[in-house]
Amino acid sequence: MKSDSNNIMRFLSYLKPYRWRLVLSTVVGVLKYNLPVAFPWILKDVIDNLLVGKPSKTGLTFDQLMGLSAALFIVYAGITYLRSYIADRLDQAMIFDVRKDLFQHLQKLSIDFFHNHQTGAISSRLFTDVSMAQNFVGLVGTNLFMDLTSLGSITFLVFFMNWKLALIAYSTIPIYIVLQRRVGYRMRNIAKEARRRMDILEGGVHETVSGISEIKSFTGEREETKRFLARCRSCLETIYESRRIYALSLGTTALLTRLPSVMVIWIGGHLVLREELTVGALIAFYAYLEMIYNPLNRLSELNIQLANSRAAIDRLFEFFDLEPEVVKDTSPPLIVQRGAIDYHHVVFGYQNNDPILGGIDLTIQKGLRIALVGPSGAGKSTLIKLLVRFFDPWQGKITIDGQDIRHVNLLSLRSKISLVQQDLMLFSGTIENNIRVGKVNATRDEIRRAAELANAMKFIVDLPEGFQTEIGERGVKLSGGQRQLIGIARAFLKDAPILVLDESTSNLDTPSESLIYDALERLIKDRTTIIIAHRMSTVVKAEMVVVLDHGRIVEQGARDELLQATDSLYYRLYSSAVRIKENWETPYIPFIAQEGVKK
């Protein structure tokens, strides 16, 4: 990963489109921070001259000077509003760009990334970390600069008034700078660790909420609460440590800024008694001390926010620096004329030196409908993941109509394959928008036609809002069969020449079963179709059955031919499924992955 300073510069590069807005914000901010500097000087003139009957050095009367002071702070209030408004719009525009780029980058990352990171942790980077990073622009990019300009003008004035008192006032600042550098480094490391632990906490909460039905059904509430509290305590430890250092910083800063004030009054009082300094000058000097030390106190109070912001920036660029799935895809588009698929000695595994597929050779002719069967872990779903290039083979290649899928445009490849899965992902929103996932620019007529072909119209028109019905997160307001019909409607809308039914008929409710099979018959027609079969009725519809075991094709052929070989794995799987049906007297005959099936 790149260094912290490089990450900060990369983050600040997002300010470039708004540089003139930044300049305006800074100019107005400099006015805001420097206008109050004039008041102690006016106060000195009032005390030393006007209140003792002497004329003002400005030539103004007492009332005129006070009116000028009031006008000064009215202008100050207006400038404060203007500066805050400009700076806030600048911050939000910049953060919008960062969040947009990060979201687009996340979508380009490989499927491996999403397997290795909790959903809640990814969301945390996109929202919490981006928001925390935003503070860096305001705290450092503008406020620190404006504080420095204010300190510069005040420093000139106090040394002009009395250089001896000025040296006393600034005597502890070197110690303060060294302290803050050490504290800032320590707090930044703690902030990184705190965010890491918060990722675990947020990811766990997301999983708990998503799986609340399973947790309740297994009465796991107490165990989940224990896990949540353990993660909370882990986060609390880092928070306590950061607060301890923060409190130490505040206490030390208070000492380093207040002790010189006492010394200034002490020594300055002696100078007044010896008539080497006027009372007005001493009071003005003390007022300037507050202006000197207030920025220092602010910096101490904001140190924890700065540490959190820098940690958040580093975490953002950890994701930005991950290599996307396709850097710049200039490959030619996939052209599908026949839809023939060939696996050429494909070897693949999810972990090094642990292959799941051990040399797959498989030819699927145009328009053929095949069923992949076998125990769990045999490699059925892995074959599909390689086909849509969620992963690439270690060895061998996959071709469609003779074109190596690694050498064609990735988006064009996936546009030619419709995937209907058992665990169908539906999104919060309307039925219409969920069907439109199959074709984002589809018209309403096209969506209605797809729903009709999928046999989904009957249940949709019975809903109160029809196609505009909100279905809830992950489609919780729909039955399992209705969700499958939405998935089939998507596939009709996409109209891809290659169709994959990945366990898409294994969770049907009885009323929807005949509707779904009827819709699938229409969907499969004239398409090259791969079915990951978990039901005997699904296998019956296949023209060829491919049996996998331990990552290899052990049998393939027509279903009836495989059943005639009583020593085949397919026959044993079939017999086991029939026994389960007879024992449970259910119309469903799943191919359960059994280690109990004896060879």
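Values reported hereafter were calculated over all heavy atoms of this structure, with side chains retained and with hydrogens, waters and symmetry mates removed.
- The ring pair (Phe, Tyr, Trp, His ring centres under 6.0 Å) analysis of residues 35-80, with sequence neighbours excluded, yields the pairs F39-F73.
- Dense packing is recorded around CZ of R406, with more than 12 heavy atoms of other residues, nucleotides or ligands lying under 6.0 Å away.
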Exercise. After noting the C-alpha distance and the side-chain angles of I283 and K44, does the key distance pass the side chain to side chain contact (heavy atoms under 4.5 Å, CB included) rule?
Worked result: CA-CA 7 Å; I283 293 174; K44 173 183 178 298; over 6 Å; no
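- For the pair F467 and N433, the minimum side-chain heavy-atom distance is 4.5 Å or more.
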Problem set entry | Chi angles and distances behind the salt bridge (charged side-chain N to carboxylate O under 4.0 Å, His left out) call for E432, R436 | CA-CA 6 Å; E432 179 180 297; R436 185 176 273 113; 3.3 Å; yes
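- Y350 OH: more than 12 foreign heavy atoms inside a 6.0 Å radius.
- Closest approach of M161 to A284, counting heavy atoms only: CE-CB, 3.9 Å.
- With a 6.0 Å radius and a threshold of 12 heavy atoms from other residues, nucleotides or ligands, K54 has its NZ atom at or below the threshold.
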For this session: Could you check T61 against Q64 for side chain to side chain contact (heavy atoms under 4.5 Å, CB included), going step by step and ending with a plain yes or no?
Result: CA-CA 5 Å; T61 65; Q64 288 173 332; 3.1 Å; yes
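- The environment of F114 atom CZ is dense: over 12 non-hydrogen atoms of other residues, nucleotides or ligands sit within 6.0 angstrom.
- Among pairs with a residue in residues 266-283, those fulfilling side-chain hydrogen bond (donor to acceptor under 3.5 Å, both in side chains) read D48-T278, R274-E276, at least two apart in sequence or across chains.
- Using modelled atom types, one finds a donor on one side chain and an acceptor on the other under 3.5 Å when comparing S153 with N34.
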Exercise. How far apart are the C-alpha atoms of F228 and L201, what are their side-chain angles, what is the distance that settles it, and do they pass the side chain to side chain contact (heavy atoms under 4.5 Å, CB included) test?
Worked result: CA-CA 7 Å; F228 176 75; L201 175 62; 3.6 Å; yes
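- Of the possible donor and acceptor atoms, none in the side chain of R490 sits under 3.5 Å from a partner among the backbone N and O of V437.
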Problem set entry | Chi angles and distances behind the side chain to side chain contact (heavy atoms under 4.5 Å, CB included) call for I95, R99 | CA-CA 6 Å; I95 291 308; R99 190 171 280 133; 4.0 Å; yes
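- Environment of CD in Q351: sparse, with no more than 12 heavy atoms of neighbouring residues, nucleotides or ligands closer than 6.0 Å.
- Ring geometry, H105 versus F320: the interplanar angle falls from 30° to 60°, so the pair is classed tilted.
- Within the model, atoms CG of L236 and CG of L229 stand 11.0 Å from one another, a figure rounded to the nearest 0.5 Å.
- Two residues are said to be in side-chain contact when any heavy atoms from C-beta on lie closer than 4.5 Å; L277 and L165 meet this criterion.
- At a threshold of 4.5 Å between non-hydrogen side-chain atoms, the residues E241 and E193 do not count as touching.
- Applying the side-chain contact (heavy atoms from CB on, under 4.5 Å) criterion to Y286, with sequence neighbours excluded, gives S261, I265, L289, E290.
- The side-chain contact (heavy atoms from CB on, under 4.5 Å) test applied to S171 returns no partner, not counting sequence neighbours.
- Taking the six-membered ring where the residue is Trp, Y14 and F11 present tilted rings, their angle falling between 30° and 60°.
- The distance from the CZ atom of F319 to the CG atom of L109 is 8.0 Å, given to the nearest 0.5 Å.
- Judged by distance alone, with hydrogens and angles left aside, the side-chain atoms of N434 form a donor-acceptor pair with the main-chain N or O of T430 at under 3.5 Å.
- Between I122 and F113 there is a side-chain heavy-atom pair separated by less than 4.5 Å.
- Separation of atoms CD1 (I200) and SG (C235) is listed at 8.0 Å; rounding is to 0.5 Å.
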Exercise. When you look at R10 and D321, which way does the salt bridge (charged side-chain N to carboxylate O under 4.0 Å, His left out) test go after all the steps?
Worked result: CA-CA 11 Å; R10 293 164 69 192; D321 289 337; 2.7 Å; yes
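- Scored by the side-chain contact (heavy atoms from CB on, under 4.5 Å) test, L248 finds T252 as partners (sequence neighbours excluded).
- Contact between A133 and I313 at its shortest, heavy atoms only, is CB-CG1, 3.7 Å.
- No donor-acceptor distance shorter than 3.5 angstrom exists from the side chain of T128 to the backbone of R125, with no hydrogens or angles considered.
- Shown here are the side-chain contact (heavy atoms from CB on, under 4.5 Å) partners of A442, two or more places apart in sequence or in another chain: K439, E446, I447, L493.
- There is no side-chain donor-acceptor pair under 3.5 Å between R310 and N7.
- Once rounded to the nearest 0.5 Å, the distance linking CZ of R19 with OG1 of T26 reads 14.0 Å.
- Rounding to the nearest 0.5 Å gives a distance of 10.0 Å between CG of L24 and CG of L90.
- Atoms CG and OG1, on L255 and T172 in that order, are 8.5 Å from each other to the nearest 0.5 Å.
- Ion pairing of D129 with R315 is present here, as a side-chain N (NZ or NE/NH1/NH2) and a carboxylate O approach within less than 4.0 Å.
- For L72 against A38, the heavy-atom pair with the smallest separation is CD2-CB, 4.2 Å.
- Taking each heavy atom of A166 and F285 in turn, the nearest pair found is N-CZ, 3.4 Å.
- Minimum interatomic distance between Y288 and L157 (heavy atoms only, all atoms of both residues): OH-CD1, 3.4 Å.
- At least one side-chain heavy atom of R21 sits less than 4.5 Å from a side-chain heavy atom of I86.
- S84 contributes no side-chain N or O that, together with a main-chain N or O of T80, makes up a donor-acceptor pair within less than 3.5 Å.
- Side-chain atoms of R196 and T238 form no donor-acceptor pair, as typed in the model, at a separation below 3.5 Å.
- A distance-only check finds a donor-acceptor pair linking the side chain of R414 to the backbone of V388 [under 3.5 Å].
- Here the closest heavy-atom approach between residue A87 and residue S25 is recorded as CB-OG, 3.7 Å.
- Counting only heavy atoms from C-beta outward, the side chains of Q468 and I431 never approach each other to under 4.5 Å.
- By the 4.0 Å N-to-carboxylate-O rule, E237 lies too far from R233 to be salt-bridged with it.
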